[in-house]
Structures are given as C-alpha cells and as structure tokens.
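Remarks on the structure that follows.
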Amino acid sequence: MTTILGDIFGDFRRLVLAALDDLAVAGALPPGLDAARVAVEPPRDPAHGDLATNAAMVLAGQAKQNPLQLAEKIAAALAGRELVSAGYRGGGFAAVVAKPGFINIRLEPAAWQAQLRGILETGPAYGDSTLGAGRRVNVEFVSANPTGPMHVGHGRGAVVGDALAALLQKAGFAVTREYYINDAGAQVDALARSVYFRYCEHVAGLPESSLLHSSGTQQAAPAAPEGFYPGEYLKETGRRLYERDGERWLDKPETVWLQRLRAFAVDEMMALIRDDLAALGLQFDRFSSERALVEDGAIERALSVLEGAGLIYTGVLEPPKGKLPDDWEPRPQLLFRATQFGDEVDRPLKKSDGSWTYFAADIAYHFDKYRRGGDTMIDVWGADHGGYVKRMQAAVQALTDAAARLDVKLTQLVNLFDAGQPVRMSKRAGTFVTLREVVDEVGKDVFRFIMLTRRNDQALDFDFAKVTEQSKDNPVFYVQYAHARASSVMRHAAEELAGQELSDAALADADLALLSDPAELALIRQLASWPRIVESAAEANEPHRVAFYLHEVAAQFHLLWTKGRDEAQLRFIISGDPDLTRARLALVRGVAIVVASGLAVFGVTPAEEM
RNA sequence: GUCCCCGUAGCUCAGCCGGAUAGAGCAUCAGUUUCCUAAACUGAGGGUCACAGGUUCGAGUCCUGUCGGGGACGCCA
C-alpha cells in the first residue's frame, strides 16, 4: 500500500478494500467494518492462483454473514473494478471463490508482463518503499570495545546492522548508522597499562636503550599489569608510542601517563577497528564517545530526568539466586527502579568505588540519541548481552516517558569450521582468529552474504571450505552466478543483435506479450514480489529474508536456463527472431535488476562474470 | 532459583502481524551436457512441526504448563 512502484499485493489490497466500500454503499455489508486484518498474499499452492485474500473470512463474523456467500459478493464486486494503476496497462484478472472462503485471483499474463516493464523502467530503485515515510531510525551496531581488532562475532553484528540499516533505507526510513565507543571504563585503563607495558618492553629491547646504558645490564621488564591484554597487536602500539614520544614516559608513575596513554591507545585501537570496518565496506554516520558523554556531564543530566520522576534511590540489592558470587557483600547502592518497567531487579548506577557503571553511561547515551531526534532506536548486540536488554528498554521508556522505543537485535555466535573441522579459538593459546583474517581469506562479499543467511538470533556455522566453494551448495555463489549468467547473456546478445539498442529503457518497449511460457511467467511473479519482501523484511527487522528470497529468484532463473537447454525454443537468445530475443532479454535484465537490488541491501557486489 | 533465545525431514535451516495438501538446500536413489556458463537442472523417497492442554471458522505460528539444548544473572563492558 505504500510502495512507490509495483507492489502488486498492495495494489490488490486497495482494490479489495474499494470493493468492500462498494458493497457497504450498496447496503450489502454493514458500514464501519474493521478491515485491518484483510490481507492479500500469494497462496502457498500456485494452483490456487496468483494472489489470494482472506477478506471474506475475516469479515464474516463482523458482518454476520456466511463466509462463502460473502466471498462470492466480494468477488463479484472485485470483478466490477478495473486495474486503473498504470502498472498493469490493460492486464485484467479473474477472481474465484474457494473452500473456506478464500478469494483467489489470477492475473492475465498481460498484467505480469506490465510488471516486468515497470521493473525495467524503475531500475535499481525497484523495491523502494515509502513504508517508513521518512521517519528517523537510529541503528547502533558493532560498538566493539576499543581494546583490539574486531573478531568474527563483531563482524556478524556489523553485517547484520548494516544490512538492516540499508533495508530500512530502502523501505523509506531516514537511517542513521551509529557506533558507540566504550572508551571510558576500567577496561581502557587496563588497555593503557597494557600499552605502557609493551612500550617499556620495546624500549628495553632497543640497543640504544637508556635502560641499558644507565645500569649496564638490561633491566627486567615490569610485570604485566592486572587485566593485561596479551594480544601481539599491542607490541606494535607500544612501538608506535615510542616513536611518537620517545622515552618520556619511562620510570614515571602511572598518574603522569595514564590519561595520555589512554587517549593514544584508544585512538590506535579505533584506527585498527576503522580499518576492519573499511575491509567490510562499512560506513558509519556517527561515532559517539562514551568518555565525551561522561566528561560533558551527560550522565548527570540523564539521571536528573530519572531523579525527577522518582526513579532513583539508594538501596541494597538481594544477592542473586543460584550461584552466589564469592565476594558478595550487601551494600547500599544508587539504583534505578527498572522493576517499574518490567525488569526483574532494580539496577545499580554506581560502582562501589563511586564511579558510574556502564549502565549509567548507557542511559546517558540513549538519552542523547533520543534528544538528537531518534524516537526509534535499534541496537544490535551480541547475544551475551541479552541479560541487559530489559534494563535498557526500561531506561529508555523511563527517560522518554514512553515516547521512544528501543529494539534490540541480538546476534548469536559464529562457529568457525574448516572443511567440517572446528577451528579452535583461544585467546590464551594465541589461536584467536580476527575478523580481518577471515575477510582477507574469503572476501567481503562472501562474508557479508553468509552472515545474512541465518536469522540473527540463531548460531551460525561458518566453514571456510564451504563458503568459498564454487557450487550450488554455496548460496553466495548460487546467487552471484545468477547475476553473472544474466550478464553473460547480455554480452552474447550484444553480438547477436549488433547495432540494436539493448538498454533497459529500450528493452522495456519490447513486445513482452511474447513471454508466455509458464516458467517465464513464474519468474516474473517471483520478481514482482520483491517490493513485498522489502517491506515485510523491513517491518520485521529481518534482513536474512532477503537472502532466502534471492536464492529463490536465482533458482527460478537457473531453472529457466536449463529448460532452454532441453527446449531450444526457450533460450533467451533466438537467432533470427530479434523480437522474441528482446522480450526475453527484458526478463533477463529484470532478474539482474532484482538480484542487484537485493545484493545492494547486503552491501554485496553483483558479479558480472565468474 | 529467575529471565531471554531455541526445539520443524537423517543433517543444516526457512516458514512473511494465524490461512488451503508444512517448504528449501545437503545427504540417498534415478535421470539430463553436439546447444546462451553442467559452477546448472529434473524426478523420487523422507514429517506425531519436542510433549500436553487452551484460544477460534482455522495453530508450526498466539497463550499456559512440562521436557530438552544454549545464553545471561551486583560493583565487567
């Protein structure tokens, strides 16, 4: 109902609603019926027709009429209406009533052919929707801590977040992609100490080191600090610190260097992360710093809102049920009344040392997002943060007086395999696989697509051997291959029909009535459902549906291709019959446009040849 | 103990605000290549939708409970 072009299901829903109005005016239906549940969908069994509506069954109760008889009335009223929308150009339809009360609709081929023409005329924008009506949505994703390179789990969140954002954009929302930098907690202090340790280590290893000269022997490296980040990458960071600052931090107390090194380390880590993001082709509209919020007093501002609503108090929490932490001590804390908003317990805002909890900062951050104009926020988190969802939603509800909504998408684990053998990962054993290593190995297109072949809340197996295999078992190549095949046909056609204009605009004028084979019409139907897929996937926040849809389009196209192998008259290029060839090229281009449009949502480049 | 996610074919998973005879891929079996890319396609077998109730014209889908798997549970993020 909101699509710019070619949502056949929306068009027919409008038509059904208009028919219902006709019936109401004629007195055949009581006025003021609630038609919200009236749906027009493809029937599961294609033998039933192209479209089906449940209108009679949904309204039978309200209208106090027999569903079958009501269906007959609606079908008759439908038959009296015409497809006035330009997208059908004279194509008609037939409506038939079936058993429980379904009304099955079958379009004449001309209506489908007109849909294909519309696809060619619309091009890459095909599938765009006005569902979002320009409403703003803030999608926050990745938000990997700036303590090291991204790992594969971050990569999944990154891809899911980016595809979700792209999908929402295609569906007409004004999307902001945002990254939250957790650069304020104790962990970045630990990071700074780790860098300092590596820095000292580096200096000690230098032949010209003052440590050597002053004592005559190499000084033992200082002990690794608490919470030490053991990754090799920090050796490089320590070296870079030496190159920038020389020996000025040596033998100085922590109070002298901690703040400076923290800033340096976070900058270095963010540079690493930005490289990783770039390798995946990711771009953010905004990076928000936790530290900047803290230093700006944003926490106090946000908490004062809660304070004013009487939602903050000092109290003592019950110890958690089940396993009691070893060092549990009851202690009065500053608490947020999350239980008033459906959370299990009230949540602490200050640590025992008096500093703010991560939660307090996150409250400030979400309040900041809201004040910047986001009443719809989506956060993409790793599933290990699942326990955090309720309290954050509670906070958003409390902060905005329920004017804003926070949705949280949790991404489950990625299990790495190589030819069926699990790739064991252990930070301690040093067999940690970074996102960058995986992306460099398989390519960003493969990585992105595979990450979207599963619902985000399902664990996903990622097998290096399988995802790089060039066969139909690999969904990436299966879909890519369909696009490449389409491109290949167009290259051949350019030779066969040398001198003829084969642009999409030109092909839209081909005699599409020549596309009459059932397999051809089935393919057009498949292409015609793209706008509907965009809207439903966007509404459900489920980009993976696009992957399954593209797989179906590719299958239908490969099928038609192979039919042409058995029945030469079904090939796309028919020597000596330029009119038929042009009609079929229009279909081929339609496939390429839809596949490319879907891949664009995923940030995957459509292949021209393979 | 509480909360969240999950349970669909031998395996991996889809199933679109409830809709008609529950689908796809893999695996198994039987086929297709002088021809636009066989990197593909066709057909067959394979199901107590974990279990038990409930809601209604209709439940894999919604509600309750049970069982099983995973995850999270103050001062980490």
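Just so it is clear, the model here is predicted, and its values are computed rather than measured. Every heavy atom of this structure was used, including side-chain atoms; hydrogens, water molecules and symmetry mates were not. Chain identifiers are assigned alphabetically (A, B, ...) following the order of the sequence lines, protein sequences preceding nucleic acid strands; residue numbering begins at 1 within each chain.
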Nucleotide opposite B:A59 in a Watson-Crick or G-U pair, distances under 3.5 Å: none
Could you give the distance separating B:G70 and B:U32 at their C1' atoms, to the nearest angstrom? 44 Å
Report the base-pairing partner of B:G1 (Watson-Crick or G-U wobble, both distances below 3.5 angstrom), or none. B:C73
Can you check whether any acceptor in the base of B:C75 is under 3.5 Å from a donor in the side chain of A:Arg331, or vice versa? yes
For A:Ala39, answer base if it contacts any base atom (sugar-phosphate contacts may also be present), sugar-phosphate if it contacts only those atoms, and nothing otherwise; contact means non-hydrogen atoms under 4.0 Å. nothing
Salt bridge check, A:Glu140 against A:Lys369: does any charged N sit closer than 4.0 Å to a carboxylate O? yes
From B:A77, B:C36, B:A20, nucleotide with atom closest to A:Asn104 side chain: B:A20
May I have the step-by-step check of salt bridge (Lys or Arg N to Asp or Glu O under 4.0 Å) for A:Arg532 and A:Glu535, ending in yes or no? CA-CA 5 Å; A:Arg532 190 168 160 276; A:Glu535 289 195 352; over 6 Å; no
On the nucleotide B:C13, are OP1 or OP2 found under 4.0 Å from the side-chain N or O atoms that A:Arg454 carries? yes
Separation of the P atoms in B:G19 and B:C41, to the nearest angstrom: 29 Å
Please work out if A:Glu539 contacts a base, only the sugar-phosphate, or nothing of the nucleic acid, heavy-atom cut-off 4.0 Å. nothing
Rounding to a whole Å, what distance do you find between A:Gln556:CD and B:A24:C1'? 13 Å
Is there a side-chain contact between A:Lys466 and the phosphate of B:G25, meaning an N or O under 4.0 Å from OP1 or OP2? no
With a 4.0 Å cutoff (strictly under), does any side-chain N or O of A:Lys351 reach OP1 or OP2 of B:C76? yes
Would you mind telling me which of B:A77, B:C41, B:G19 lies closest to the side-chain atoms of A:Tyr478? B:C41
Respond yes when some side-chain nitrogen or oxygen of A:His544 is under 4.0 Å from OP1 or OP2 of B:G15, and no when none is. yes
Less than 4.0 angstrom between a side-chain N/O of A:Gln458 and OP1 or OP2 of B:G70, yes or no? no
Quote, to the nearest angstrom, the P distance that separates B:G25 from B:U21. 23 Å
Test salt bridge (Lys or Arg N to Asp or Glu O under 4.0 Å) on A:Arg14 and A:Asp11 and set out the steps. CA-CA 5 Å; A:Arg14 274 191 298 278; A:Asp11 290 343; 2.4 Å; yes
Give A:Ala383 one of three labels, base, sugar-phosphate or nothing, depending on what nucleic acid heavy atoms sit under 4.0 Å from its own. sugar-phosphate
Are any of the side-chain nitrogens in A:Arg405 or A:Asp407 under 4.0 Å away from the carboxylate oxygens of its partner? yes
When the P atoms of B:C49 and B:A39 are compared, how many Å lie between them, rounded to an integer? 40 Å
Pick the P atom in B:A22 and in B:U28, then give their distance to the nearest Å. 27 Å
Proximity to the side chain of A:Asp457 - top-ranked nucleotide from B:G58, B:C5, B:U37: B:C5
For residues A:Asp346 and A:Thr339, is any side-chain donor paired with an opposing acceptor at under 3.5 Å? yes
Check if the side chain of A:His385 and the base of B:A72 share a donor-acceptor pair of N or O atoms closer than 3.5 Å. no
Distance, P atom - from B:U66 to B:G74, rounded to whole angstrom: 24 Å
Distance between C1' atoms of B:A38 and B:G46 (Å, rounded): 27 Å
From C-beta outward on A:His492, which listed nucleotide comes closest to its side chain: B:C6, B:C36, B:C41? B:C36
Do we count A:Phe102 as stacking onto B:A20 if the rule is ring centres under 5.5 Å and planes under 30°? yes
If you measure from the ring centre of A:His48 to the centre of the six-membered ring in the base of B:A20, is it under 5.5 Å, with the planes under 30° apart? yes
Whether A:Ser488 contacts B:U37 is assessed here as follows: a side-chain N or O lying under 4.0 Å from the phosphate OP1 or OP2. Is that the case? yes
Can you check the A:Trp561 CH2 to B:C41 P distance for me, whole Å? 12 Å
Is the phosphate of B:A77, meaning OP1 or OP2, less than 4.0 Å from a side-chain N or O of A:Arg391? no
Partner of B:C13 under the Watson-Crick or G-U wobble criteria, both distances under 3.5 Å, comes out as B:G23
For atom CD of A:Gln412 and atom P of B:U12, their distance in whole Å: 16 Å
Base, sugar-phosphate alone, or nothing: which one does A:Lys390 contact when heavy atoms must sit under 4.0 Å apart? sugar-phosphate
Is the NZ or CZ atom of A:Arg337 both under 6.0 Å from the centre of the six-membered ring of A:Tyr313 and within 45° of that ring's axis? yes
Counting only side-chain heavy atoms from C-beta out, which of B:U42, B:A72, B:G74 sits nearest to A:Leu559? B:U42
Hey, which sits more toward the 5' end of RNA chain B by its nearest nucleotide, A:Gly387 or A:Val38? A:Val38
Starting the side chain at C-beta, find the nucleotide from B:G15, B:A14, B:A39 nearest to A:Phe548. B:A14
From B:A39, B:C3, B:G15, pick the nucleotide closest to the side chain of A:Met610? B:A39
Between A:Trp356 and A:Lys351, is there a cation-pi geometry (under 6.0 Å to ring centre, at most 45° from the normal)? no
Check every atom of B:A38, B:A24, B:C41 against the side chain of A:His558 and return the nucleotide holding the closest atom. B:C41
Rounded to whole angstrom units, what separation is found between the CG atom of A:Leu59 and the C1' atom of B:C57? 14 Å
Looking only at side-chain N and O atoms, does A:Asp353 offer a donor or acceptor that is under 3.5 Å from a partner on A:Ser355? yes
So what does A:Asn54 touch, heavy atoms closer than 4.0 Å: a base, only the sugar-phosphate, or nothing? base
Ion pair present between A:Arg584 and A:Glu520, side-chain N to carboxylate O less than 4.0 angstrom? yes
Return the nucleotide paired to B:U28: Watson-Crick means purine N1 to pyrimidine N3 with N6-O4 or O6-N4, wobble means G-U with N1-O2 and O6-N3, both under 3.5 Å. B:A44
Measure from CG on A:Leu413 to C1' on B:C6 and round the result to the nearest Å. 13 Å
By nearest nucleotide on RNA chain B, pick out whichever of A:Ala52 and A:Tyr481 is the more 5' one. A:Ala52
Please tell me if A:Arg455 has a side-chain N or O lying less than 4.0 Å from either OP1 or OP2 of B:G15. yes
When both hydrogen-bonding distances must be under 3.5 Å and the geometry is Watson-Crick or G-U wobble, what is B:U66 paired with, if anything? B:A50
If you check every side-chain atom of A:Asn145, which of B:C36, B:A77, B:G74 has the closest atom? B:A77
Now, which nucleotide makes the Watson-Crick or G-U wobble pair with B:A39, with each of the two distances under 3.5 Å? none
Would you indicate which nucleotide in B:G58, B:A72, B:C41 comes nearest to any side-chain atom of A:Arg37? B:G58
Decide yes or no on salt bridge (Lys or Arg N to Asp or Glu O under 4.0 Å) for A:Asp461 and A:Arg454, but give the supporting numbers first. CA-CA 9 Å; A:Asp461 292 343; A:Arg454 189 117 317 165; over 6 Å; no
Whole-Å distance between B:G19 P and A:Leu51 CG? 16 Å
B:U2 to B:U12 separation - P atoms, rounded to the nearest Å: 30 Å
Which part of the nucleic acid does A:Ala537 contact within heavy-atom distance under 4.0 Å: base, sugar-phosphate only, or nothing? nothing
